[in-house]
Amino acid sequence: MVDLVIGSALAGRLALFQKIGAARQHSALLRQFLSLALTLLIAALLVVMVEWIARGELSSVFPYLFSLSRPGFTTVGIIVLAMLTGDAVFGRAHLSLLIVAPLLLVPAFISSQKQNYLSDPLYPSDFLFARQIMELMPVMVRERPWTAVALSIGIIAAAVAVAFFGRYAWRHAARLSQTARVTRLSICLPLAALFVSQMDPTQYSFIREKLRIIPIVWDQKENYSYNGFIIAFSLNLPMADVKSPAGYGSDAIDAIPSRNYGYLSGPREKPDVIMLMSESFWDPTRLSNVSFTPDPMPTIRARQSGYVFSPEFGGMTANVEFEALTGFSNAFLPYGSIPYQQYVRRPMPSLATFFRGEGYAARALHPFSGWFWNRNEVYKAFGFEEFHTEETIPGIEKRGMFASDDSLMKEIMREGDGTDRPFFFFAVTLQGHGPYEANRYAQNTIDVGGNLSDEDRAALATYAQGVREADDSLKMLMDWAEKRNRETIIVLWGDHLPPLGSVYPNTGYMPQQVATRKAPLDVMKREHETPLVVWSSKKGVRKDIGTISPSQLPYQVLKAAGYEHPFYTGFLGRVQKKYNIVDRYQLATRDNQAFPDWARKELDLDPLVRDYRYLQHDAMFGREYGVERFFPSHARLINQGS
């Protein structure tokens with residue numbers, strides 16, 4: 001009997017302990033759930049505050065946050081991951097808010113202020129130019145003194161508040177168990193690593209697409225508007241890290257030999273120079289098993305000097321333009337970077353400053369908006385006196401969706417006829433821009449033959465018609481130039497191959513719809529070469545140039561015009577004698593010897609390539625040790641304040 005009583009008592013106590021344990025477990029799960037819910041709420045409020053500050057208005061924040069077609073929820077998830085990871089590191093629930101909130105809110109505020117003065121949002125690369133940012137502060141203080149006072153008080157108050165709340169939270173915030181910390185880290189760190197791996201905007205990402213993140217690198221304002229400040233800033237991070245090359249310094253620049261061409265007066269009669277970068281211009285007759293009747297580019301074929309090896313495919317026009325105007329190379333910049341958007345923050349040597357130093361009028365023309373690719377600011381930094389856009393070019397007619405090449409050529413002729421002094425015009429056409437929808441033109445004059453699908457045939461017909469009209473427009477410009485007394489030099493090339501989609505794999509031209517980044521040299525040439533014309537109204541075609549990088553175009557322009565220059569003909573002249581292609585993925589000699597992995601071997605670089613990189617870094621990011629010696633015209637204009 002006694003044993004039964006004792007057993008019953010023990011069983012009762014065991015049942016009681018089990019109930020208490022279950023209740024505690026239920027309570028712990030409830031606390032975990034409530035803690036996660038609070039973290040989610042805080043993250044959502046942070047997104048609202050960051051976007052409100054960065055955008056300067058609240059009305060566009062909620063459509064961003066709640067639209068299923070935009071990455072608002074993704075942004076909230078990113079902040080949740082950051083906070084949970086921080087809490088696990090500190091061992092206290094929600095303590096990471098004191099770190100995460102300032103790291104998000106302060107850059108958002110800086111971005112809003114930057115947009116007030118420079119119209120652009122904050123880029124990661126802006127931190128490379130701390131001196132310029134500090135130089136902007138006196139302007140802000142002068143124009144908004146009370147804002148500056150309030151900002152100073154706010155910074156001090158915020159620092160005090162963070163210190164106070166940090167101390168309070170450390171003492172009173174709920175401690176996380178070792179199991180909770182390990183669980184959070186084991187879940188959050190892999191997810192964070194996965195997210196980071198998808199943020200290279202130059203590579204397609206299925207996961208990024210499903211998260212509704214769309215890199216819009218050609219228009220950073222839209223990039224920040226659509227993706228939000230946090231994600232857009234993250235998309236730009238891979239482009240921000242520009243390190244000084246090993247060995248760079250004043251001694252390294254001084255050791256680079258240069259010729260003094262000051263004793264040369266240049267040509268007896270200064271020729272006019274027109275550079276035309278033709279949008280997506282390429283020779284479609286290179287396609288396999290496809291015929292075009294008649295030839296869509298007879299003028300260019302008869303006057304072709306060679307090819308340009310484009311560093312891009314189907315887009316990223318600004319990177320090709322950057323090389324052609326400066327003689328610098330994207331190969332020395334971070335993968336995926338866009339100099340026009342990230343790096344042109346101060347006056348930079350270009351063909352415009354060279355020709356202005358020779359007494360030329362220097363103008364840029366593009367029949368689209370000046371904000372696109374940041375050209376308004378870039379052309380000022382490059383030294384152009386004027387930039388004419390669709391807002392300032394009269395009578396621009398459209399062919400399909402875009403301004404016609406014919407209208408742009410007529411504007412060039414009109415401005416040329418109205419300019420007394422020699423001129424340097426740089427123009428970027430637009431008509432050839434994709435997509436190549438069927439029936440863009442009322443009538444296609446090129447018959448496309450071959451075993452093609454209806455969709456491919458329609459796209460090719462539209463593209464070929466655009467090529468024909470670009471060719472006709474060039475002929476019109478050349479006919480005008482031949483009638484002029486002053487010699488006129490015209491340089492035309494395509495910025496990249498067109499985005500023709502399935503046409504490429506379906507015709508067997510290349511295996512994918514986009515070009516290969518790393519392949520044997522012959523494959524790379526096939527997928528990156530565009531036609532090049534260097535022509536003089538008095539001397540005819542400059543022949544047998546071969547295949548060159550856009551960065552070699554300044555050498556060809558100045559040689560055709562009869563000028564010598566320490567960098568554009570002197571240094572680039574030495575480069576082109578050995579290497580005609582300087583590309584991030586391919587360094588090639590004139591006899592087609594290829595070095596596909598050259599960029600990874602910084603310590604083993606050819607001294608010529610190493611010096612090339614030194615000079616570019618010096619002019620773009622460094623102390624400008626060699627500017628006066630290698631870019632004398634640019635140095636004079638800067639000293640004159642013009």
Side-chain angles (χ1 to χ4, degrees), residues 271-286 295-310 312 317-318 320-325 351 355 363-367 399 402-413 415-416 423-433 463-464 466-482 484 487-498 528-561:
D272 294 325
V273 178
I274 302 171
M275 292 183 73
L276 298 170
M277 189 167 70
S278 188
E279 174 62 45
S280 298
F281 190 88
W282 175 67
D283 182 359
T285 66
R286 300 182 83 178
D295 184 355
M297 44 178 282
T299 302
I300 292 175
R301 196 177 309 284
R303 295 171 171 82
Q304 189 167 340
S305 302
Y307 295 94
V308 163
F309 184 94
S310 175
E312 304 295 345
T317 299
V320 183
E321 185 177 325
F322 164 78
E323 292 199 8
L325 280 172
L351 286 178
F355 280 111
R363 299 177 190 171
L365 303 94
H366 180 50
R399 291 286 286 155
F402 304 112
S404 71
D405 288 359
D406 191 73
S407 290
L408 181 60
M409 297 308 117
K410 289 178 179 177
E411 175 63 15
I412 290 172
M413 292 187 291
E415 293 196 27
F423 61 77
F424 167 63
F425 290 169
F426 177 80
V428 182
T429 72
L430 190 62
Q431 182 178 336
H433 204 290
Y463 179 72
V467 169
R468 180 57 185 265
E469 295 188 15
D471 190 85
D472 290 342
S473 298
L474 178 64
K475 185 178 186 305
M476 176 178 66
L477 186 67
M478 287 178 165
D479 290 344
W480 165 80
E482 287 179 328
R484 305 180 73 233
E487 179 186 7
T488 304
I489 294 169
I490 298 175
V491 179
L492 176 141
W493 75 98
D495 54 351
H496 49 69
L497 268 68
H528 289 272
E529 283 181 338
T530 65
L532 168 65
V533 173
V534 180
W535 175 87
S536 163
S537 61
K538 305 297 185 184
K539 303 169 187 172
V541 179
R542 187 174 175 86
K543 297 181 179 180
D544 301 324
I545 290 177
T547 300
I548 61 172
S549 287
S551 56
Q552 284 290 340
L553 286 171
Y555 171 83
Q556 299 295 336
V557 169
L558 265 63
K559 279 296 185 180

Of all the heavy-atom pairs spanning [X] and [Y], show the shortest one and how long it is.
{"X": "Trp282", "Y": "Pro498", "answer": "CB-CD, 3.6 Å"}
{"X": "Asp495", "Y": "Ser280", "answer": "OD1-N, 2.7 Å"}
{"X": "Tyr307", "Y": "Arg286", "answer": "CE2-NH1, 3.7 Å"}
{"X": "Pro367", "Y": "Ala403", "answer": "CB-CB, 3.5 Å"}

As an exercise, state the distance from [atom1] of [X] to [atom2] of [Y], rounded to the nearest 0.5 Å.
{"X": "Asp406", "Y": "Leu477", "atom1": "CG", "atom2": "CG", "answer": "10.5 Å"}
{"X": "Ser407", "Y": "Ile412", "atom1": "OG", "atom2": "CD1", "answer": "11.0 Å"}
{"X": "Met478", "Y": "Ser536", "atom1": "CE", "atom2": "OG", "answer": "10.0 Å"}
{"X": "His366", "Y": "Glu321", "atom1": "NE2", "atom2": "CD", "answer": "8.0 Å"}
{"X": "Leu492", "Y": "Ser278", "atom1": "CG", "atom2": "OG", "answer": "5.5 Å"}

Residue pair [X] / [Y], side-chain heavy-atom distance below 4.5 Å:
{"X": "Trp535", "Y": "Thr299", "result": "no"}
{"X": "Glu312", "Y": "Thr317", "result": "no"}
{"X": "Thr530", "Y": "Leu497", "result": "yes"}
{"X": "Leu532", "Y": "Leu553", "result": "yes"}
{"X": "Pro296", "Y": "Pro284", "result": "yes"}
{"X": "Phe426", "Y": "Leu351", "result": "no"}
{"X": "Leu365", "Y": "Leu408", "result": "yes"}
{"X": "Phe281", "Y": "Met297", "result": "yes"}

Worksheet item: What pairs meet the salt bridge (charged side-chain N to carboxylate O under 4.0 Å, His left out) rule with one or both residues in residues 537-558, with sequence neighbours excluded?
Response: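 Found Glu487-Lys539.
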Discussion item. Run Trp493 and Ile300 through side-chain contact (heavy atoms from CB on, under 4.5 Å) and show every step you take.
Written reply: CA-CA 10 Å; Trp493 75 98; Ile300 292 175; over 6 Å; no
Worksheet entry | With Thr547, the side-chain hydrogen bond (donor to acceptor under 3.5 Å, both in side chains) member among Glu529, His528, Gln552 |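 In the set Glu529, His528, Gln552, the residue that makes a side-chain hydrogen bond (donor to acceptor under 3.5 Å, both in side chains) with Thr547 is Glu529.
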Fill in: Lys/Arg N to Asp/Glu carboxylate O, Arg301 vs Asp471, below 4.0 Å
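Here Arg301 does not pair with Asp471 in a salt bridge, since their nearest N and O are not under 4.0 Å apart.
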Worksheet item: Looking at residues at least two apart in the chain, or sitting in another chain, which of them share a side-chain contact (heavy atoms from CB on, under 4.5 Å) with Thr488?
Response: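 Scan of Thr488 (side-chain contact (heavy atoms from CB on, under 4.5 Å), adjacent residues dropped) gives Asp272, Ile274, Ala481, Arg484, Ile490, Ser537.
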Worksheet entry | Any residue meeting side chain to side chain donor-acceptor pair (under 3.5 Å) with Glu469, in chain and number order, not counting sequence neighbours |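 Glu469 satisfies side chain to side chain donor-acceptor pair (under 3.5 Å) with Arg399, Gln431, Gln465 only.
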Worksheet entry | Stepwise side-chain contact (heavy atoms from CB on, under 4.5 Å) check, Met409 with Thr429 | CA-CA 9 Å; Met409 297 308 117; Thr429 72; 4.1 Å; yes
Worksheet item: Can you list the steps and then say if Val308 with Glu323 is a side-chain contact (heavy atoms from CB on, under 4.5 Å)?
Response: CA-CA 11 Å; Val308 163; Glu323 292 199 8; over 6 Å; no
Practice prompt. Run the numbers on Asp405 and Leu276 for side-chain contact (heavy atoms from CB on, under 4.5 Å), then give the verdict.
Written response: CA-CA 10 Å; Asp405 288 359; Leu276 298 170; over 6 Å; no
Worksheet item: So, does His496 use its side chain to make a donor-acceptor pair with the main chain of Ser310 at under 3.5 Å?
Response: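 A pair under 3.5 Å: no.
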